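Fair warning: this is a prediction, and the values are worked out from it, not measured in the lab. Reminder, nothing fancy here: chain letters follow the sequence lines and each chain counts from 1.
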Number of protein chains: 2
Amino acid sequence: MKTRRQRYSDSTKRALVDVAEKLFTDHGYSATSLDAIVAGADVTKGALYHHFSGKQAIFEAAFERIESRATASIGAATEGHDDPWEKARAGLRAFLEAVQEPGYRQVVISDGPSVLGHERFREQEERSTYAIVDEIVRSVLAGDEWGLDEEMLDTFTRIFFGAMSAAGGSVAVSDDPAAAAARVDAAIGFIMDGLRQLLHAEAGNGVTSRT
Amino acid sequence: MKTRRQRYSDSTKRALVDVAEKLFTDHGYSATSLDAIVAGADVTKGALYHHFSGKQAIFEAAFERIESRATASIGAATEGHDDPWEKARAGLRAFLEAVQEPGYRQVVISDGPSVLGHERFREQEERSTYAIVDEIVRSVLAGDEWGLDEEMLDTFTRIFFGAMSAAGGSVAVSDDPAAAAARVDAAIGFIMDGLRQLLHAEAGNGVTSRT
DNA sequence: TCTGTGACATACCGAAGGTACGTACCTCCA
DNA sequence: TGGAGGTACGTACCTTCGGTATGTCACAGA
């Protein structure tokens with residue numbers, strides 16, 4: 001049982017992250033002042049600095065929340081598929097949806113790398129959306145018939161993750177997001193068909209030897 | 001001793017961008033103060049604000065310079081290839097090289113989107129490195145046998161551009177960049193082989209109808 | 001009931017971006 | 001050739017904002 005003081009404290013912290021998430025999403029990191037955040041949460045800077053070590057820390061809290069929402073959304077979409085190729089297509093579509101959310105675009109894609117630094121950004125990424133893409137890629141490409149080692153699988157994940165992030169960004173700024181998403185879906189599908197074709201054609205000789 | 005002031009205005013501007021490029025590369029956008037820039041260029045803020053409208057403007061000048069260097073480097077590597085597939089491979093390797101440059105990573109990839117905003121960032125991108133990737137993709141995928149319209153070609157360019165940017169980033173942070181680059185090269189080559197295989201197999205029926 | 005500590009509020013500091021204004025030099029033309 | 005206007009800066013100052021030091025008060029535990 002939480003004490004009364006703890007409940008108050010939790011709600012204050014949650015209110016701060018709520019406001020921070022909205023302001024960071026709407027105006028970006030640098031254009032959002034701590035004064036605006038504490039004013040929106042109806043507290044003072046003392047409260048903010050009691051719960052967070054600074055501006056970057058409260059940004060990271062908002063970041064993690066947005067990332068985990070996206071991760072959950074994609075994860076839900078990939079469940080219940082037996083065929084890994086179908087699972088991959090479903091995950092792709094969910095990814096394209098998630099990446100269009102304003103918060104994800106502004107906080108994660110745009111401000112994330114520069115605010116958190118590449119290091120921390122990668123860490124955060126790798127235990128959320130990146131992990132799902134990795135799982136999907138492995139479910140499709142792993143196996144003896146491909147002859148891919150760990151590092152090649154990582155490489156493929158990086159490539160697909162980057163491809164889908166960029167594609168998602170282009171979908172988000174498109175005049176007709178639905179049509180753009182359909183095109184991305186078709187293009188990725190085409191690439192995947194190519195890989196599948198290759199699997200049946202040459203049955204796993206020499207991807208790694210191609211360097 | 002003559003003061004800087006007695007030299008030409010162009011050289012002052014160039015000196016400012018020189019210092020700005022170095023400081024933005026080494027410390028990032030927000031950790032670089034205008035005072036540090038003008039001190040490094042041996043002028044005052046009056047000079048900086050005479051040549052640039054503000055911090056963002058001088059950042060953009062450095063950004064453009066770095067981008068154009070990368071573009072020139074990749075462009076040079078793709079010349080002199082007759083076979084579009086070979087040209088693509090050469091361009092890919094040059095891209096992976098260019099994207100590892102510290103200035104490109106920090107200024108273009110990390111700070112670029114958040115400082116310039118998505119809009120201006122895309123504009124800048126599309127008339128530099130993105131344009132080259134677009135040209136390469138078109139030289140490979142354009143043609144009646146694929147049945148791809150303009151928008152699908154754009155989509156493929158987006159996907160490949162994102163894939164290669166992400167791949168380049170992973171190469172740059174790798175313990176063994178040479179080996180990582182070789183893996184990326186192999187993976188992209190594998191994907192391209194898949195597409196080529198698909199071209200010969202089904203000869204252009206229905207990529208766009210797959211939605 | 002007393003005391004310690006958690007959960008804030010208040011006041012203040014220094015850095016940094018930006019602005020208003022002053023000034024030396026250069027060019028151009030009568 | 002000299003004075004008038006504009007260019008290319010320099011100087012002083014303002015404001016905002018992230019961060020800190022310190023005060024205060026309520027609540028929990030003994």
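Rounded to a whole Å, the NE2 atom of B/His27 is 16 Å from the C1' atom of C/dA16. Between the NE2 atom of A/His50 and the P atom of D/dA21 there is a distance of 17 Å, given to the nearest Å. Atom-to-atom, NZ of B/Lys13 to P of D/dC9 comes out at 11 Å; the value is rounded to the nearest Å. One interatomic measurement links the two molecules: CG of A/Leu48 to P of C/dA9, which rounds to 11 Å at whole-angstrom precision. Distance OH (B/Tyr29) to C1' (C/dA16): 11 Å, rounded to an integer number of Å. Straight-line distance from the CG atom of B/Asp35 to the P atom of D/dG10: 13 Å, rounded to whole Å. In this structure, B/Asp42 places its CG atom 12 Å from P of D/dC9, rounding to the nearest Å. Counting to the nearest Å, the P atom of C/dA9 and the OH atom of A/Tyr8 are 14 Å from each other.
Relative to the side chain of B/Leu34, the nucleotides D/dT20, D/dC17, C/dG18 differ in distance, and C/dG18 lies closest. If you check D/dC9, C/dA9, D/dG10 against the side chain of A/Thr44, the one that comes closest is C/dA9. Residue A/Ser9 places its side chain closer to C/dC8 than to any other of D/dC9, C/dC8, D/dG18. For B/Tyr49, the side-chain atoms get nearest to C/dG18 when compared with the rest of C/dG18, D/dT11, C/dA16. Nearest nucleotide to the side chain of A/His51, out of C/dC8, D/dG10, D/dG19: C/dC8.
Formation of a donor-acceptor pair under 3.5 Å by the B/Thr155 side chain with backbone atoms of B/Glu151 is found in this model. Formation of a donor-acceptor pair under 3.5 Å by the A/Thr25 side chain with backbone atoms of A/Glu21 is found in this model.
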- Query: What do the steps show when you test B/Val107 against B/Glu101 for side chain to side chain contact (heavy atoms under 4.5 Å, CB included), and what is the final call?
  - Reply: CA-CA 10 Å; B/Val107 173; B/Glu101 192 213 344; over 6 Å; no

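Residues B/Asp26 and B/Lys22 are paired through a salt bridge, judged by an N-O separation under 4.0 Å between the basic side chain and the carboxylate.
Residue-level contact check: A/Ser11 touches neither bases nor backbone, having no heavy atom under 4.0 Å from any strand. A/Thr32 comes within 4.0 angstrom of sugar-phosphate atoms only, judged by non-hydrogen atoms across all strands, and of no base.
For C/dA7, neither phosphate oxygen OP1 nor OP2 lies less than 4.0 angstrom from any side-chain nitrogen or oxygen of A/Thr12.
Contact of the A/Val108 side chain with the A/Gln124 side chain is not registered, since no non-hydrogen atoms from C-beta on lie closer than 4.5 Å.
Between the base of D/dG18 and the side chain of A/Lys45 there is a donor-acceptor pair shorter than 3.5 Å.
Note that A/Arg158 lies in the cation-pi zone of A/Tyr130, set by a 6.0 Å cut-off to the ring centre and a 45° limit from the axis. In this structure, B/Lys13 satisfies the cation-pi test against B/Phe52, with its NZ or CZ atom closer than 6.0 Å to the six-membered ring centre and inside 45 degrees of the ring normal.
Over its full length, the helix from C/dT1-D/dA30 to C/dA30-D/dT1 turns its helical axis through 0°, comparing axes from the five pairs at each end and rounding to 10°.
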